[in-house]
Amino acid sequence: MDSNEWRQEQQRLDLVVGKLEARIVELEPKISQLREQAADIRKRFWDEVTVNTSTDEDFEETFFTINQQTAVLSERERSHGRLLQQWKNMNRLLPSPYFGRVDFQEEGQGITEQVYIGVSSFVDADGLSFLVYDWRTPMASLYYDYPPGEAAFETPGGRITGTMKLKRQYQIRDGHLHNVFDSSITIGDQLLQQVLGQGADAQMKSIVGTIQKEQNAIIRNDNSQMLIVQGAAGSGKTSAALQRVAYLLYKHRERLTADQIVLFSPNPMFNSYVSTVLPELGEENMQQTTFQEYLDNWLASTFRLEDPFDQIEYVLTEQQTLGYEARMNGIQYKASKAYLQALRGYSLWLVKEGMRFDDIRFRDRVLIPGEQIKEKFYSYDSSIRLTNRIALVQKWLLQELTRLEKEEQEASWVQEELNYLDSEQYAEVFNMLHKEQGVFDFAEKYARIYEILHNQRRPDESDFDFAEREEELLSRMIVKEEFKPLRRSVKQFSFIDMVGLYSQLFRDEAAYREMTNEAEVPELWAEICRQTQEKLGRKELYYEDATPYLYLKELVEGARTNTQVRHIFIDEGQDYSMFQYEFLKRLFPRARMTVLGDFGQAIFTQATNLHGMDSPLIQLYGEAATSQFLLIRSYRSTRPIVEFTKSLLPGGDAIVPFDRSGRKPSLLKMECSEKRAERIAADLAALQAEGCTSIAVITKTAAESREAYETLTAGGSKELWLITKNTPTFEKGTLVIPAYLAKGVEFDAVLIYDASPQSFDRESERKLFYTACTRAMHRLLLYTTGEWTPFVQAVDPSLYELV
């Protein structure tokens, strides 16, 4: 670019910055004025309204006055909100108004339009000329999808074709032009190199300036019910998903809000890591949760739940314990499609026999026996579905409670309760009687009682009638209050013995086959049954049983659904079982699903294969409604780190590293654990001195993390932060963290605390080791006090350096 063209670009930038500044200054007093007006209307709302309901005309006038004041207030608040959002968008643009430009000539038109692209739109004062186009507009897709030449983009009115004359990328800081790149590809390597070369941060950043073509296809897909994204570690899956949320909120802003989108994260800490991306783009954050939080919400009152991190700790550390193999078989089976079908078969069997109900008890006695409820259940026509029969039983029970409640009013305990009622309860009954009879007012009633008590007159028959009626009402009130919990529990289906129904499945193999119509059961089924029933007997639930238990509960009671949610995003989707996917589909019947994951990082036993025609996820919505994307380019790590890590994985040759230079991974063999701690402490200090602000010492398990933290701290390492499953937020600094909690997060440098066979030896641990190593952006260091894990021994020595 010659100096004249550079000058023209800077002049254009200065023009946009100047107009942004002028518009911001212009908006500020308007925003302040509207805010004050809205506050003043709220403060004086009732001063402007005369409430008069004497006649129909007065009531109507009052109604319209209130409506008018409400409309004025709403209009002021809407105007204030609209201008405030514009002001925020302009302030967001001010430091860097745009990052890209395409010059596009539509077919059949003689004019070439210059399209500058930024994080939001900015229109000139005439209201027609776009100085900056929002990256989510249809025309902006040209920048991500095409090199100069023939190009096209989709609009609501149809496809627009033409020729891209120029594609240019900018680096702008604080309103000044720093770099300009003309590119024949989506994002020039120079710009992406600089972005990727920056340090890791405590929060994920927006990538709208560096979105790749394959990521753009994911972001703008608006047709599929199920969107599956299988991507290598560091391929930008999560980043693309968050930009997708921003795109959906922009495109459907008239009918889609942030609270209609739910992101299921791998752990609570990850929620804080991604929490700033959408606000950076001017959008509200969607709902963020974990699947475990959902399970806790529905089951924690009944069971003490195991979470997935406790489960993986068991898998990684308890290989030598009795019953381990059976537990592993149980974990796999209870996550399978076969078990899903078994529970469906079980629900059909329950229509004929085997239902279990709890007694409904009241004041230490059985009010309605469970056997009576069972008889009522099976008295209904056999053609009635299970959930419909339960609804009929529920209705019958509520009627029975009404009848029994009336009978209970004569019980002796009610008379005893009457002696301990307080004055408020008496006053309530007096009020009821006053309304009922319309004879006595309170003053007269109290006067008559006073006269009787002080022998100033003799009581007559009406006084006794009143007293009897009073006692009847008080008795009714006492019993009604006592029966409230019973009614509530019936409405919540507490009369069903769900724990017994689930436990019944694990009596023995023959019974299981009969109840579920399943021909095959996993090996060591008797031990699986013993473990499951023992856990249930302690009011505890394995993680692998939690979703099947909830699924069975819904097969019996009827599905709970949320029809407001329209989009579900599932990160680390390979770690969800088919049970969980089926359950989420039933829970959110009107929602589309976006699943992100990497089968190479499938560290949980119940993993689901995401990609390919044999993926079970395709069956959820059908092949026609499902789109699959495969991201093979890894951007997170330097080329030497990617070359090393992909060699750890069977089939890893398909992963393509982005060409960013850096040091090879360093392998350090120490004499003993004390020497290792000393060396790690020295390496941490050196990395910090180099400018690494986000460093992770990654271990295999939580117990090893605690040990490493204590050893390093005792050895002099300072400002270490131990990460556990309960850590709520992600911060910069030096962390000691188990590998399974580091998923989805990246660090400037990663130190693998123990890369020996003692930590990583079994084939089932390969993906966990790969996951740990792929967290590194710039530096990767591995330590051992003995031999190297077989996964490292199999790596070509040219891909690392021995220190």
Side-chain angles (χ1 to χ4, degrees), residues 12-28 30-31 78-102 104 113-144 153 155-156 168-177 187 191 195 203-211 215-216 219-220 222 239-254 256-258 261 274-286:
R12 205 270 178 182
L13 176 59
D14 293 340
L15 173 69
V16 174
V17 169
K19 292 192 174 189
L20 278 168
E21 291 174 334
R23 191 75 61 81
I24 288 169
V25 171
E26 178 188 337
L27 282 179
E28 283 173 344
K30 294 181 180 179
I31 293 170
R78 279 195 302 271
S79 299
H80 174 259
R82 186 170 58 251
L83 290 184
L84 182 62
Q85 188 60 51
Q86 290 178 18
W87 180 83
K88 287 180 179 178
N89 288 344
M90 291 173 196
N91 276 280
R92 194 176 296 109
L93 285 176
L94 195 57
S96 179
Y98 42 84
F99 54 78
R101 165 187 163 187
V102 294
F104 182 74
E113 184 176 0
Q114 293 182 349
V115 179
Y116 286 81
I117 301 162
V119 295
S120 64
S121 294
F122 179 49
V123 183
D124 207 348
D126 61 9
L128 300 173
S129 305
F130 274 81
L131 298 174
V132 182
Y133 282 82
D134 191 297
W135 66 277
R136 295 166 289 189
T137 56
M139 184 174 277
S141 66
L142 292 167
Y143 173 73
Y144 300 113
F153 61 95
T155 73
R168 182 166 286 175
Q169 299 146 38
Y170 304 90
Q171 280 188 316
I172 300 170
R173 299 191 189 98
D174 298 323
H176 296 286
L177 198 60
I187 301 298
L191 179 59
V195 171
Q203 274 86 33
M204 182 180 284
K205 298 297 182 183
S206 162
I207 62 164
V208 293
T210 57
I211 291 170
Q215 293 169 331
N216 192 48
I219 292 166
R220 294 177 186 260
D222 206 23
S239 296
L242 294 171
Q243 319 305 310
R244 172 168 167 75
V245 173
Y247 171 78
L248 292 169
L249 289 171
Y250 174 86
K251 182 176 181 181
H252 304 292
R253 54 192 176 275
E254 299 300 328
L256 182 68
T257 59
I261 303 175
V274 301
S275 62
T276 60
V277 175
L278 288 172
E280 271 185 27
L281 299 172
E283 301 291 352
E284 292 182 25
N285 259 325
M286 74 229 119

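Here the structure is a predicted model, which is why all the values come from computation and not from measurement. Throughout, numbering of the chain's residues begins at 1 and tracks the sequence.
Between F153 and F104, the angle of the ring planes goes over 60°, which puts this pair in the perpendicular group of the 30/60° scheme.
Contact check for L94 versus I24: side-chain heavy atoms found under the 4.5 Å cut-off. Under the 4.5 Å side-chain criterion, counting only non-hydrogen atoms from C-beta, F122 is not in contact with Y98. Within the 4.5 Å cutoff, side-chain heavy atoms of I117 are placed close to those of F99. You'll find the side chain of E113 reaches within 4.5 Å of the side chain of M139, heavy atoms only. Inter-residue side-chain proximity for I261 and L256 is flagged as met; some heavy-atom pair is nearer than 4.5 Å. Residues W135 and Y144 meet the side-chain proximity criterion, which asks for heavy atoms closer than 4.5 Å. Counting only heavy atoms from C-beta outward, the side chains of Y250 and L281 never approach each other to under 4.5 Å. Residues L177 and Y170 are in side-chain contact: their nearest non-hydrogen atoms beyond the backbone lie under 4.5 Å apart.
To the nearest 0.5 Å, the span separating CE on M90 from CG on L27 amounts to 5.0 Å. Here NZ of K88 is found 14.5 Å from CG of L93. Values are rounded to the nearest 0.5 Å. Rounded to the nearest 0.5 angstrom, R244 CZ and S239 OG are separated by 15.0 Å. With rounding to the nearest 0.5 angstrom, the OG1 atom of T276 is 5.0 Å from the CD atom of E280. Rounded to the nearest 0.5 angstrom, E283 CD and L242 CG are separated by 12.5 Å.
Remark: the backbone N or O of R136 is paired with a side-chain donor or acceptor of D134 at under 3.5 angstrom. With hydrogens and angles disregarded, no donor-acceptor distance shorter than 3.5 Å links the side chain of R220 to the backbone of Y247. The backbone N or O of L20 sits nowhere less than 3.5 Å from a side-chain atom of R23 that would complete a donor-acceptor pair. A donor-acceptor pair under 3.5 Å is absent between the side-chain atoms of R101 and the main chain of Q114, judged by distance alone. Between the side chain of D124 and the backbone N or O of S129 there is no donor-acceptor pair closer than 3.5 Å.
By the 6.0 Å contact criterion, CD on E284 is open, its count of non-hydrogen atoms from other residues, nucleotides or ligands being 12 or less.
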